Amino acid sequence: MKYALGIDIGSTATKAVIMTSEGKIAASAVVSIGTGTAGPKKALMEVLDKAGLDRDQITWTTATGYGRFSLEGADDQKSELSCHAKGVSYLMPGTHTIIDIGGQDIKVMSINDRGGLVNFVMNDKCAAGTGRFLDTMARVLNVEVTDLSDLSEKADEVAEISSTCTVFAESEVISKLSTNIKIENIVAGIHQSVAKRVTSLLKRCGIKETIAMSGGVALNKGLVKALENEAGCKIHVHEECQLAGALGAALYAMENTKKAS
Ligand code: ADP
């Protein structure tokens, strides 16, 4: 049996996947530390430990993500766009549009039936609508980012956030809190503001069914629902959505393993 490793070193989190030559996932790990050395090191140790392997048993390592050029011992690097396209196609065959929201960017991709990238659009440098925007808003509300989904489910109204800029939106949230607007309704407003921003990118790229969402922010079901309402289409999310990039990298690594032998 041969093993290939894919590692996605993001701005916020590091994800790692070990793939077997039979095309199965042997182990995976998600560590909430992104680019740098600590996150990748921890993710590597964790994934190898879960698979019961040593690093020298890995035949090929492909790195992707924002910090992909910083990983020592990687055999090659691939773009996040190609890896997400490949990973999502593996998890959800038949996908033609991918919305990937990570810690610092939003990407919308059109892919073909073989998981190849056809077109993409990205947000500008601004953090609005990204995971970082949601992390900041959660901190202002004194809740965990993982609580946002449940809170938005309990909203009875949407407290609209008009500013897209993170700094202005933060002030708006603070001012809403001071006027005793329910936190649940504020969270619904935050989700709606992200949904509007993502929908405009989705329209620019072109909506082609089936639509899937990848990246850590896809774990927020309340946000996915707000996005479905705003875009007027069904968005599919796989439970391993945050691993999509690392999985795509592992699939590329396995192709190289096979070529090498
Ligand atoms: P990157 O690759 O840029 O590091 P990820 O795709 O790993 O980003 O996503 C990280 C973001 O996902 C975080 O900023 C956080 O907002 C969000 N996130 C992670 N886990 C959850 C969760 N369980 N519920 C809601 N949001 C989450």
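Note that the structure is predicted; figures quoted are calculated from it, not measured. Note that ligands are numbered from 1 as they come in the structure, with each ligand's atoms numbered from 1 the same way.
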Heavy-atom contacts with [X] under 4.0 Å: which atoms of ligand 1 show up? List them by number with element.
X	value
Gly215	6 (O)
Gly216	5 (P), 6 (O), 9 (O), 12 (O), 17 (C), 18 (N), 19 (C), 21 (C), 26 (N), 27 (C)
Gln242	5 (P), 7 (O), 9 (O)
Leu219	20 (N), 21 (C), 22 (C), 23 (N), 24 (N)
Gly102	3 (O), 5 (P), 6 (O), 8 (O), 9 (O)
Thr146	22 (C), 23 (N), 24 (N)

Quiz prompt | Salt bridge flag under 4.0 Å for residues Lys225 and Glu153 | solution = yes
Quiz item: Between Lys78 and Asp76, is the closest basic N to carboxylate O distance under 4.0 Å?
Solution: no
Practice problem: Could you find the nearest protein heavy atom to atom 15 (C) of ligand 1 and give me its residue, atom name and distance? | Solution: Asp135 OD1, 3.4 Å
Quiz item: Can you tell me the protein heavy atom closest to atom 11 (C) of ligand 1 and the distance?
Solution: Val217 CG2, 4.1 Å
Is there at least one pair of N or O atoms, one from [X] and one from ligand 1, spaced under 3.5 Å apart?
X	result
Thr12	yes
Asn220	no
Ser11	yes

Exercise. Give a yes-or-no answer on whether the side chains of Glu172 and Ser163 include a donor-acceptor pair shorter than 3.5 Å.
Key: yes
Self-check item: Linked hydrophobic residues, Ile33 as query - side chain contacts closer than 4.5 Å
Solution: Val31
Quiz item: So which residues get pulled into Phe168's cluster when ILVMFWY side chains under 4.5 Å apart are joined, directly or through others?
Solution: none
Self-check item: Of the listed options Ser214, Gly103, Gly67, Gly34, closest to atom 10 (C) of ligand 1 (non-hydrogen atoms)
Solution: Gly103
Quiz item: Does even one non-hydrogen atom of Lys15 get within less than 4.0 Å of ligand 1?
Solution: yes
